[in-house]
Every structure is written in structure tokens, then in C-alpha cells.
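Both ligands and their constituent atoms are indexed starting at 1 by order of listing.
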Amino acid sequence: MRRISVFGATGSIGQNTLDLVRRAPQDYDVVALTGAQNIAQLASDAKALRAEVAVTSDEARLPELRDALAGSGVEAAAGDAALIEAAARPADWVMSAIVGAAGLAPGLEAIKHGTTLALANKESLVTAGPLLMAQAAQHGCTILPVDSEHSAVFQALIGEDMAAVERIIITASGGAFRDHPIEDLANVSVAQASCHPNWDMGQRITIDSASMFNKAMELIETKEFFGVSPSQIETIVHPESMIHALVGFNDGALMAHVGPPDMRHAIGFALHWPDRTHLPVERLDLAKIGQFNFRAPEADRYPALAIAARVMEEGGLTGAVFNAAKEQALDEFIAGRCRFTDMAQAVDRVVDAMLSREGLQNATITLDSVGQADAMARALTVEHIAKTKG
Ligand code: NAD
Ligand code: MG
């Protein structure tokens with residue numbers, strides 16, 4: 001029996017993780033499941049999987065969670081401290097799948113307890129990559145990337161020497177607007193941006209795919225996780241989303257990871273690592289697919305990519321600023337307070353403004369310094385967007 005916890009259990013990654021767990025419940029002892037607003041889902045999964053504890057991040061929803069769990073033997077808890085407490089409970093494998101910067105603290109706590117951390121929460125690496133990797137090394141924790149591209153790179157690197165790696169190519173579907181007239185991008189709606197051509201994911205990451213802020217995050221993630229330099233990381237638009245990433249070696253070979261766009265592959269790989277086990281994902285019929293297409297990403301369609309290049313060059317707390325500005329700009333877009341194209345402009349300005357302040361690049365990355373940079377960047381983003389509108 002392996003003791004496992006799933007942070008962000010009610011989300012898209014969380015539910016896909018539980019789908020795999022439910023197929024072999026006898027193999028797992030579920031410690032903690034966490035969620036935010038979907039109390040009914042959280043309670044029902046916690047009861048069905050006999051979790052030790054269910055945690056909602058929203059303290060106001062605790063009475064509801066308690067009621068839903070009454071008589072089940074599952075503990076109910078709420079709030080940020082409860083999330084940390086749950087992350088400190090001994091577990092062999094922890095899924096970090098909270099969305100946003102909120103995923104950092106529970107992930108770091110789990111790392112301190114030496115667990116194997118399956119990392120879907122890309123914001124952790126973007127905001128605090130050096131801290132996360134150093135803590136993992138210090139506490140003997142293995143981090144397994146769950147983002148499909150990074151799982152693909154990880155798999156292509158098995159048995160390889162990093163010194164022989166020339167480049168890492170991250171593929172991008174191009175998102176909802178890959179063929180949309182660029183001059184009309186300012187007018188697209190939230191509903192249009194929330195439809196992904198290939199992947200079924202949470203709303204925030206889907207909109208981030210349309211703007212390629214998601215890819216921008218993934219480039220930074222690649223630098224932080226694999227320790228390569230920004231100049232070794234490339235992006236290619238691949239509309240079919242079947243090749244998830246490629247690794248180029250010094251002998252000219254490219255190792256590609258090919259599979260259906262189904263997150264249960266990357267999640268299942270991390271769940272069973274270092275073994276491979278049968279997974280319930282579609283088997284590709286290459287003859288039926290016929291062809292794979294590639295094109296270079298257009299800089300004016302996807303300004304987020306240039307911002308990511310700058311964030312990688314500057315380092316330090318620039319990633320925390322970038323992520324917070326991006327999260328805030330996304331909130332503003334979803335709430336109808338700014339246009340789709342205003343998001344990249346706001347993030348660019350905020351990164352710019354904060355880089356002109358001393359010390360951002362060389363600051364020590366701690367939970368506190370990340371939190372401060374995050375708060376400042378969010379406030380500046382709100383200010384910038386309000387000013388642009390006014
Ligand atoms: P989602 O929105 O579907 O789910 C997010 C989860 O986080 C939910 O359980 C929600 O209750 C919880 N949550 C939200 N706000 C919270 C807060 N403030 N505190 C604590 N918990 C909170 O998101 P998702 O698509 O499953 O993505 C989760 C993470 O995985 C993100 O970092 C995303 O970038 C990454 N990721 C997702 C996919 C995918 O296919 N969905 C692929 C690669 C990486
Ligand atoms: Mg991805």
C-alpha cells in the first residue's frame with residue numbers, strides 16, 4: 001500500500017489522478033485530498049477513497065465540509081494552515097495540482113518530508129524554482145514533472161547524459177486563436193478563449209494556452225527543472241498536440257515523446273515511476289493520423305514568449321513577478337475588466353517596472369520574498385489595467 005495525497009483533488013489534474021487511483025484502490029492508502037469551492041466533489045471523493053483528511057482552502061466552507069463528511073470518519077479541515085498540516089502528513093507520493101501560486105507552500109511542505117512530489121503546479125517552478133529544487137535536494141525528495149511537455153522531456157532523458165543535451169523543444173498547440181486574425185485578438189471573448197482545440201483542462205490554463213502564457217510558463221519550468229540555459233529551449237507550434245516535447249542531443253538525434261493528449265499519461269507515469277504500467281489512454285493509430293504539422297510561433301500573436309525569454313534571462317524573483325502579474329491579468333480578463341491582448345501588455349509593463357527596482361534579479365528566493373513580490377506585482381497589474389481603461 002502506498003500512502004498518497006492529492007492537492008487540488010477537485011480540479012482537472014486532481015480528478016484525472018483520482019480516476020487512476022480508483023482503478024486500483026487496493027494499492028493506495030489515501031492520506032489527504034484538498035479542494036477549494038467544490039465541497040460536494042471533495043467530500044464524495046474523500047468518503048469513497050476513505051481519505052484520512054479532506055481540506056478546503058476556504059475557511060468559510062468548513063461547516064459545509066464537516067456536514068458533508070459527518071459520520072464518515074474522514075476529518076474535515078480548512079484554510080492555508082490546514083493545507084500545510086495536510087502536506088506534513090507522512091506520504092509516499094504527493095500530487096501538487098492546486099492551480100496558481102497557492103500551490104507553492106503546500107508543495108514545499110511536502111518536499112520537506114521527503115515524499116515523491118508529482119508536480120503539476122507549474123507556478124511552483126516559475127515563482128520559486130531554485131528554492132524548490134534546492135529543498136528537494138536537501139530533503140532527498142524526488143520531483144516528477146506532470147506537465148505533459150516536461151514529463152515527455154523527463155522520459156526522453158531516461159538513461160541519457162545531460163551533458164549530451166543540446167536543446168529541448170517544447171511543443172505548443174497554438175491554443176484557441178492559432179488561426180484567428182491577429183488584428184481581431186483584442187475583441188475575443190472569455191468563452192472563446194476558454195475552448196482548447198485538443199486538451200480538456202481547467203479554465204485558467206486553457207485561457208493561458210490561447211495567450212501562450214501557459215507555454216511561457218513551461219519554458220521557465222524547463223529551465224528551472226532541467227537546469228538548461230534559456231538559449232537551449234525552443235518552442236514549436238504543433239497543432240495536433242501528439243508530440244509533447246523533443247530533446248536534441250549533440251549527435252544530432254532528436255528524441256520525441258508521442259502520445260494522445262490525455263493528462264492521465266503524464267500523471268500515470270509519475271504515479272508508477274520508476275515502473276511503467278498499463279494506462280487507460282488511447283493508443284495512437286499513426287496511419288489514421290497521417291501527418292504531424294509544425295510551424296514557428298508568431299511573435300506578434302504570442303507576445304508572452306518574449307516576456308518569458310526575458311524572465312529566464314533575469315532570474316531571481318522575476319518569475320514570481322511574472323506569474324503574479326499573469327494571474328492577476330487573467331483575473332481581470334475573466335472579470336471583463338480588460339481585453340485579451342491587454343493581458344500581455346500589462347504583464348510586460350509590470351515586469352519592466354519591477355525590474356527597474358533594485359535587487360529583483362539577485363534577491364534570495366524564500367516563501368516570504370516570493371509572497372512580497374507576488375503581492376506587489378498583483379497590485380501593479382490592477383493599477384496598470386485600471387489606468388489603461390480609464
Ligand atoms: P483546476 O482549476 O481544474 O483545479 C485547480 C484545483 O486547485 C482545484 O482542486 C481547486 O479547488 C484548487 N484551488 C483553486 N484555488 C485554490 C487556492 N487558492 N488554494 C488551494 N486550492 C485551490 O486546475 P487544473 O487544470 O487541474 O490545473 C492544476 C495545476 O496543474 C495548474 O498549476 C496547471 O497549470 C497545471 N497543469 C494542468 C494541466 C491540465 O491538463 N489541466 C496540464 C499541465 C499542468
Ligand atoms: Mg503543458
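Ranking the protein heavy atoms by distance from atom 43 (C) of ligand 1 puts D147 OD1, 3.0 Å first. Shortest contact from atom 29 (C) of ligand 1 to any protein heavy atom: I98 O, 3.7 Å. Shortest contact from atom 34 (O) of ligand 1 to any protein heavy atom: K122 CE, 3.2 Å. Here the heavy atom of the protein found nearest to atom 25 (O) of ligand 1 is G202 N, 3.2 Å. Looking only at protein heavy atoms, the nearest one to atom 14 (C) of ligand 1 is V99 CG1, 3.8 Å. Summary of contacts: the protein heavy atom closest to atom 36 (N) of ligand 1 is I205 CD1, 3.6 Å. For atom 10 (C) of ligand 1, the closest non-hydrogen atom on the protein side is T10 OG1, 3.8 Å. Of the protein's non-hydrogen atoms, A36 N, 2.9 Å is the one closest to atom 11 (O) of ligand 1.
Contact annotation for S12 and ligand 1: heavy atoms of both the backbone and the side chain come within less than 4.0 Å of the ligand. Here M201 has heavy atoms under 4.0 Å from ligand 1 in both its backbone and its side chain. Counting heavy atoms closer than 4.0 Å to ligand 1, residue A120 contributes atoms from both its backbone and its side chain.
Between H384 and D342, the closest side-chain pair of non-hydrogen atoms is not below 4.5 Å. The closest side-chain heavy-atom distance from D58 to Q37 is below 4.5 Å. Put simply, the side chain of K223 does not reach to within 4.5 Å of the side chain of E218, judged on heavy atoms. Counting heavy atoms from C-beta outward, D92 and I4 have side chains that stay 4.5 Å or more apart. Looking at heavy atoms from C-beta onward, L20 lies in side-chain contact with P280 at the 4.5 angstrom threshold.
For the salt bridge (charged side-chain N to carboxylate O under 4.0 Å, His left out) criterion with R378, the lone passing option out of E327, E332, E383 is E327.
Atoms CG and NZ, from L219 and K215 in turn, are 8.0 Å apart once rounded to the nearest 0.5 Å. Distance check, rounded to the nearest 0.5 Å: CZ of F177 to CZ of R301 gives 10.0 Å. Taking CD of E166 as the reference point, atom OG of S231 lies at 11.0 Å (rounded to 0.5 Å).
No heavy atom of G103 sits closer than 4.0 Å to any atom of ligand 1. Heavy-atom separations between R204 and ligand 1 are all 4.0 Å or longer.
Proximity annotation for atom 26 (O) of ligand 1: of L119, D80, I13, V6, I13 comes nearest, heavy atoms only.
Aromatic ring centres of F225 and H150: separated by at least 6.0 Å. Aromatic ring centroids of H244 and W199 lie under 6.0 Å apart.
Distance alone, capped at 3.5 Å, places no donor-acceptor pair between the H139 side chain and the C141 backbone.
For ligand 1, none of its N or O atoms has an N or O atom of S148 under 3.5 Å away. Taking distance alone, with nitrogen or oxygen atoms compared against 3.5 Å, A102 stays at or beyond that limit from ligand 1.
Listed by atom number, the atoms of ligand 1 under 4.0 Å from G35 heavy atoms are 11 (O). The contact set between ligand 1 and S57, taken as ligand atoms under 4.0 Å from a residue heavy atom, comprises 17 (C), 19 (N), 20 (C), 21 (N).
Only protein N, O or S atoms were scored, and 3 of them lie under 2.8 Å from the Mg ion (ligand 2).
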Worked check of salt bridge (Lys or Arg N to Asp or Glu O under 4.0 Å) between E52 and R3: CA-CA 10 Å; E52 265 177 40; R3 288 172 60 85; 3.2 Å; yes
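Side-chain contact annotation: H278 with H272, donor-acceptor N/O pair under 3.5 Å absent.
With sequence neighbours excluded, no residue satisfies ring pair (Phe, Tyr, Trp, His ring centres under 6.0 Å) with F226.
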